2 protein chains.
Amino acid sequence: MSSPVHPGTDRPRRLDARRNHDQILVIANAAIEQFGAEASLRDIARKAGIGLGTLYRHFPSREALIEALMRERLDTFSKRVRAARSLADPGAALEACILEYLAGVMVYKGIACSFMGAFQDPTSALHAACAAAQEQLDALLRMAQAAGQVRPDVSVKDLLALVNGLAWVFDQGTHAPEQRTILVQVVIAGLRFQRGPSPPAPDRLPGSSHAT
Amino acid sequence: MSSPVHPGTDRPRRLDARRNHDQILVIANAAIEQFGAEASLRDIARKAGIGLGTLYRHFPSREALIEALMRERLDTFSKRVRAARSLADPGAALEACILEYLAGVMVYKGIACSFMGAFQDPTSALHAACAAAQEQLDALLRMAQAAGQVRPDVSVKDLLALVNGLAWVFDQGTHAPEQRTILVQVVIAGLRFQRGPSPPAPDRLPGSSHAT
DNA sequence: ACCTGAACACCGTTCAAGT
DNA sequence: ACCTGAACACCGTTCAAGT
């Protein structure tokens, strides 16, 4: 996949430190890809061939490590949501962004949990990147609501909770990739603006008297 | 709350063993209520005043312990779903069962994850109780689908995944109890049968030209 | 300025030794 | 038939000592 080491993002100045920094990210990327967001930090340090304290020096918390691995992805996501605001159909644009968010959050298992924590906790190393994405999503959501395409009583917080909930479900391994679509469809359908009060429970649909 | 010790469910015959068994459940109930499904087993044994091996003897796995704490609730849930099948409106009955499931799974934090695992893993101590509930829900779901109230392309597996996803979201602490309703409503609305192909994206709803 | 690894306080799980 | 706790192999986090 794409390199987890990105230029110009808090990389140390001294050569040895920079090499350690980068090596940690390469190994952490592999480890978290394999074991999920709860991968052993000790193991990462070991495989990276550095001391455990060195890992903590570069990334003082697990969130800081995940942030370094996800920052670029989150930033481009935010930008793409911003761009999506100028599309003709905000409802369809929002739907596309939801799918994109899901694709992004699924790169590592267990990341949805980290994100949910980051949204709430302003002190989290992941907070800034998540808050930026949330802000853009909020603007797009309101557009879709103003256009009458999304029910007006959901907030971005609700939206992110539902989508992260889906990501968590996918992490559980109950649904193969082809089986996931229906779950996303249900949530998206539920977000859609519903005309009139909840349909008056049709006793039976026309032409469905069903076998005896 | 209600006593976690129930009569006639695999309780040992010898007096000392039975006392230990019951004491473990009392302490485990308190610990899992406080710390969630991942509460320290060592801590539970300590607080129960027994050896760690004794805990393992009575409950060979964390799932076995959770099963003992949840069995009665799960059993009565299954029975209530079964009874709900004879209600006039299967769609409303299913909705009520979903709310009841949510209420049940929320008694301990992190239980949704255990349940998702138990559904998949036939060797889990929790499997039987979960599978029984799933079976009843399946029957009720099919009735609601036959009545045209629920989209026909969702399975019980999908339904349980969505609902456990909601439970997981609630566990994250982003949504206070009053804020949870909207999330449940979105999912339930999404499950409803949708007439015609997805509404052709109304350019604007009648009477919503909105403040320039 | 940066690296190292021992030290501390925890885990879950197993199992030989007891009563 | 049942209980016990040491033993093992892990954690995350901190910090004195090094270069």
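Computed from a prediction, not measured in an experiment: that's the story for all the values here. In what follows, every chain begins at residue 1, and chains take the letters A, B, ... in the order their sequences are listed.
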Between CG of B:Leu15 and C1' of C:dT19 the distance, given in whole Å, is 16 Å

Between CZ of A:Arg62 and P of D:dT13 the distance, given in whole Å, is 7 Å

### Task
Mind checking B:Ala45 for me? I need base, sugar-phosphate or nothing, with any heavy atom below 4.0 Å counting as a touch.
nothing

For D:dA16, the nucleotide meeting Watson-Crick or G-U wobble distances (both under 3.5 Å) is C:dT4

When we call it a touch if two heavy atoms are under 4.0 Å apart, what does B:Arg19 touch: a base, just sugar-phosphate, or nothing?
nothing

Tightest non-hydrogen contact, residues A:Asp153 and A:Asp158, listed as O-OD2, 4.0 Å

Whole-Å distance, A:Glu38 CD to D:dC10 P, equals 18 Å

Are more than 12 heavy atoms, taken from residues, nucleotides or ligands other than B:Arg85, located less than 6.0 Å from that residue's CZ atom? yes

Q.
Could you check, using the six-membered ring where one of them is a Trp, whether A:His21 and A:Phe59 have ring centers closer than 6.0 angstrom?
A. yes

B:Phe35 atom CZ is separated from C:dG12 atom C1', nearest whole Å, by 17 Å

A:Tyr56 has its side chain closest, among D:dT13, D:dC11, C:dT13, to D:dT13

Using OP1 and OP2 only, check whether a side-chain N or O of B:Arg42 sits under 4.0 Å from D:dC11. no

Under a 3.5 Å limit on both distances, the Watson-Crick or wobble mate of D:dA9 is none

Between protein and nucleic acid, restricted to nucleotides 2-4 of chain D and to nitrogen or oxygen atoms under 3.5 Å apart, what atom pairs and distances do you find?
from, atom 1, to, atom 2, distance (Å)
D:dC3, OP1, B:Asn20, ND2, 2.2
D:dC3, OP2, B:His58, NE2, 3.1
D:dT4, OP2, B:Gly51, N, 3.0
D:dT4, OP2, B:Thr54, OG1, 3.0

A quick test of your reading: do over 12 heavy atoms of other residues, nucleotides or ligands sit less than 6.0 Å from CZ of B:Arg62?
yes

message = On the nucleotide C:dC10, are OP1 or OP2 found under 4.0 Å from the side-chain N or O atoms that B:Ser40 carries?
response = no

query: Under a 4.0 Å N-O cut-off, is there an ion pair linking A:Lys79 with A:Asp75?
result: no

Heavy atoms of A:Gly110 and A:Asp171 approach each other most closely as N-OD2, 2.9 Å

- Query: Hey, are the side chains of A:Tyr101 and A:Val81 touching, using non-hydrogen atoms and a 4.5 Å cut-off?
  - Reply: no

- request: Determine whether A:Ile188 and A:Leu94 make a side-chain contact, defined as any pair of heavy atoms from C-beta on separated by less than 4.5 Å.
  value: no

Contact check, residues 113-128 of chain A vs DNA chain D, heavy-atom distance under 4.0 Å, returns none

Quick test of your reading of the model: are A:Arg19 and A:Asp22 salt-bridged, counting only N-O distances below 4.0 Å?
no

